[in-house]
Each structure stands twice: as C-alpha cells, then as structure tokens.
Novice: 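What follows is a structure written as structure tokens; I'll ask about it next.
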Protein chains: 2
Amino acid sequence: MRKDSRLSRVLHILVHMAAIDRPVTSEEMAGMISTNPVVVRRTMALLRKAGYVTSARGHHGGWQLAQPLADITLLDIHHALGEGSVFTIGLTDEHSHCVIEQAVNAALKDVMDEAEALMLQRFGQITLDQLGTDRISHYLHKS
Amino acid sequence: MRKDSRLSRVLHILVHMAAIDRPVTSEEMAGMISTNPVVVRRTMALLRKAGYVTSARGHHGGWQLAQPLADITLLDIHHALGEGSVFTIGLTDEHSHCVIEQAVNAALKDVMDEAEALMLQRFGQITLDQLGTDRISHYLHKS
DNA sequence: CTATCATGTAACAATAAAAGTTACTTTGTT
DNA sequence: AACAAAGTAACTTTTATTGTTACATGATAG
C-alpha cells in the first residue's frame with residue numbers, strides 16, 4: 001500500500017533546521033531527504049500556512065522556523081499536513097442500507113477511531129525538540 | 001490515500017454466508033459487494049488458505065464457512081488478508097546513517113506500533129458473530 | 001537598474017497496490 | 001456430453017503521493 005512519508009520527511013527537515021542558524025533553501029532541504037526542491041516547497045507551504053515556518057524569496061532567502069521546536073508537537077505537524085485518514089483500511093460505502101454492512105463498518109470504525117485517538121494523543125505529547133538527543137532517555141521513562 | 005477495503009468487504013460477505021445454508025458462489029458474493037466474481041475469488045482464496053472457508057467446483061459448488069462465526073475474530077481475517085502495515089504514514093529509509101532520521105523514525109514507529117497493537121488487540125476481541133444483531137448492546141457494555 | 005537567487009505555482013509524468021476486467025483452463029455434477 | 005463453478009493468468013483502471021519541467025514573481029546585491 002502506498003505510504004505517505006511527508007510527516008517523517010518534514011520532521012527530519014525541521015530538526016535539521018533548528019540546528020542551522022540561517023534561512024535554509026528548498027534546495028538544501030531536498031538534499032536532506034533526497035528529493036526535489038518543488039516537493040519540499042509543496043510540503044513546507046502547508047507548514048507555513050499553519051504558522052510553523054516562514055519563507056523569504058530572493059538572495060539569502062529560504063525557510064526558517066517561526067517557533068521553537070519545544071513549542072511544536074508531532075500532532076501539530078500531522079494536522080498541518082492535512083486531513084486524510086491514518087489507516088490503510090477502508091470502509092465500504094456501497095450498500096449503506098444493508099444492516100450487515102452497517103454493523104461491519106461500525107465495528108471497524110469503533111476500533112480504528114480508538115486506535116487513531118491513542119496515536120494522536122501520543123503525537124500531541126511529543127515535541128520536536130525531543131527528537132534530538134534526549135529521545136532515548138525520554139522513552140526509557142515513558143512507562 | 002488509496003484504501004484497502006478487502007477487510008470490510010470480506011467481513012460483509014462472511015456474515016451473509018452464515019445466514020445461507022448452502023454453498024454460495026463467487027457470483028452471488030460479487031453481487032453482495034457490487035464487484036466482480038474474480039475479485040471475490042482472489043480475496044476468498046486467502047481465507048481458504050487460512051482455513052476459514054472451503055470452496056468446491058462444479059454444479060452446486062461455491063464457498064462455505066469452515067468454522068462457526070463465533071470462532072473467528074476480526075484479527076483472524078485481518079491476518080489472513082496479509083501482512084501490510086495498517087497505517088498510511090510511512091517512514092523514510094534513505095538516510096539511515098542520519099541520527100535525526102533515526103530519531104524521527106523511532107518516535108513515529110513507537111507511537112504507531114502502540115496504536116497498531118491496541119487495534120489488533122481489539123480486533124482479536126471481536127468475533128464475527130458479534131457483527132450480527134447484538135453488536136449495539138455489546139458496545140454499550142464495553143467500558 | 002539589472003543580474004541573480006530563491007520562492008510560488010501550474011502542468012504533467014511516474015509510481016504502486018487494490019480493484020476491475022477478459023479470457024481461458026480445470027474440475028465436478030447432472 | 002453439457003454445463004456450472006472455481007482457478008488463474010494477463011491486462012487495464014484507479015488514485016494520491018511523488019517526481020519533474022517550466023516559468024512567473026519577488027527580493028537583494030552590486
């Protein structure tokens with residue numbers, strides 16, 4: 001199944017950005033994740049719309065963090081990237097009058113909603129600065 | 001993101017099958033989920049391989065349950081359909097030497113693994129017979 | 001002022017896996 | 001022997017991310 005790796009990639013970029021004290025170009029970022037500057041701009045534009053980064057054109061232009069990493073959670077970035085469902089499992093929609101289809105879909109939806117809620121809650125607890133050096137000790141103490 | 005609706009569809013079929021006391025053809029099943037007999041056979045073949053249904057060719061052939069619905073969980077069917085990840089969120093694999101990518105991926109993987117474990121555990125608690133009439137009361141008592 | 005650098009954006013191709021389709025073979029029953 | 005059904009191979013369609021090309025827009029340096 002096709003995967004959406006934008007979250008993984010953009011987090012990678014953001015953590016790098018925090019360590020660079022100047023605007024970073026799409027070209028540089030593309031190098032960080034082995035892709036094309038246009039792909040980078042497309043994704044970064046979503047983060048700019050949500051207020052997490054700024055961009056500037058022209059000489060010495062590029063992208064900069066608008067907030068410290070400690071103020072941004074994985075959930076924030078996940079939301080900034082869009083709405084789509086988190087699961088590859090889809091529900092059918094063709095016989096909504098059929099009680100069996102309704103029961104099947106309701107059961108699957110219940111479980112998936114619960115799992116998604118847990119996932120998003122965890123994402124909301126992790127700030128981007130924790131993706132630096134202290135991640136290991138953080139997880140050693142999580143339970 | 002493209003969704004895999006095989007689980008939803010095949011559950012729908014299985015519950016219908018339990019109410020029909022004779023072999024059901026791929027043609028009939030295709031009608032239940034508005035698709036093609038070949039698509040049905042492809043998916044049902046995975047369930048047969050796992051032992052949940054049997055098939056017979058020729059006159060009065062078709063598919064039959066090999067076990068009562070009460071003995072089969074959503075997790076059983078999920079596993080029978082294959083291995084693929086449950087999430088549309090993918091991890092990048094291009095710079096495995098980069099500690100930042102490692103940290104990002106590890107954090108995402110931790111959370112996704114936990115959510116998937118919860119989901120599969122819930123799937124394991126729901127048997128297919130519960131997708132009939134008693135589903136509502138079942139969920140009223142779940143917590 | 002103008003050359004250059006960088007973003008902004010439109011338009012299109014590549015990709016991948018499920019889903020859909022066609023055509024044919026094999027097997028079992030009437 | 002005729003027929004009904006699964007088995008299966010090969011191909012097309014679908015759909016969203018990803019990749020790519022091309023060009024417009026805007027900002028800065030000199």
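Just the heavy atoms: all of them, side chains too, but no hydrogens, waters or symmetry mates, feed the values below. Proteins get letters first, then strands, A, B, ... in listed order; numbering begins at 1 in each.
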Novice: Quickly work out the A/L7 CG to D/dT17 P distance and round it to whole Å.
Specialist: 13 Å
Novice: Okay, side chain of A/S5, backbone of A/S8: is any donor-acceptor separation there less than 3.5 Å?
Specialist: no
Novice: Please examine the side chains of B/I33 and A/T92, heavy atoms only from C-beta on, and report whether any two atoms are closer than 4.5 Å.
Specialist: no
Novice: State whether a side-chain donor-acceptor pair under 3.5 Å links B/R48 with B/S55.
Specialist: yes
Novice: For the side chain of B/D110 and the backbone of B/A107, is there at least one donor-acceptor N/O pair under 3.5 Å apart?
Specialist: no
Novice: Using whole Å, report how far CG of B/D4 lies from P of D/dA16.
Specialist: 15 Å
Novice: With a 3.5 Å cut-off and no angle check, do the side chains of B/W63 and B/S26 form a donor-acceptor pair?
Specialist: yes
Novice: Quickly work out the A/M44 CE to C/dA6 P distance and round it to whole Å.
Specialist: 15 Å
Novice: Given C/dT7, D/dT17, C/dA19, identify the nucleotide with an atom nearest to the side chain of B/R6.
Specialist: C/dA19
Novice: Rounded to whole angstroms, how far apart are CD1 on A/I13 and P on D/dT18?
Specialist: 11 Å
Novice: Hey, does the side chain of A/S5 come within less than 4.0 Å of D/dT17's phosphate (OP1/OP2), counting only N and O?
Specialist: no
Novice: Tell me, do B/L131 and A/I100 make a side-chain contact under 4.5 Å, heavy atoms counted?
Specialist: no
Novice: Report the distance from atom CG of B/L46 to atom P of D/dT8, rounded to the nearest whole Å.
Specialist: 12 Å
Novice: Taking only nitrogen or oxygen atoms into account, show me every contact under 3.5 Å that the protein makes with nucleotides 20-24 of chain C, one pair per line with its distance.
Specialist:
{"from": "C/dG20", "atom 1": "OP2", "to": "B/R9", "atom 2": "NH1", "distance (Å)": "3.1"}
{"from": "C/dG20", "atom 1": "OP2", "to": "B/R9", "atom 2": "NH2", "distance (Å)": "3.1"}
{"from": "C/dG20", "atom 1": "OP2", "to": "B/T35", "atom 2": "OG1", "distance (Å)": "2.5"}
{"from": "C/dG20", "atom 1": "N7", "to": "B/R42", "atom 2": "NH2", "distance (Å)": "2.7"}
{"from": "C/dG20", "atom 1": "O6", "to": "B/R42", "atom 2": "NH1", "distance (Å)": "3.2"}

Novice: Whole angstrom is fine here: how far is it from CD in A/E27 over to P in C/dT4?
Specialist: 17 Å
Novice: Are B/R9 and A/E101 close enough for a salt bridge, meaning some N to O gap below 4.0 Å?
Specialist: no
Novice: Charged N to carboxylate O under 4.0 angstrom, B/K109 versus B/E116?
Specialist: no
Novice: Is B/N36 reaching over with its side chain to a backbone N or O of B/A30, donor-acceptor style, under 3.5 angstrom?
Specialist: no
Novice: Find the distance A/M29:CE to C/dG8:P and express it as a whole number of Å.
Specialist: 11 Å
Novice: Is any side-chain N or O of A/S26 closer than 4.0 Å to OP1 or OP2 of C/dT7?
Specialist: yes
Novice: Do any of residues 52-60 of chain B sit with a heavy atom less than 4.0 Å from DNA chain D, and if so which?
Specialist: B/S55, B/A56, B/R57, B/G58, B/H59
Novice: Take atom CD1 of B/I89 and atom P of D/dT17, then tell me their distance rounded to the nearest Å.
Specialist: 12 Å
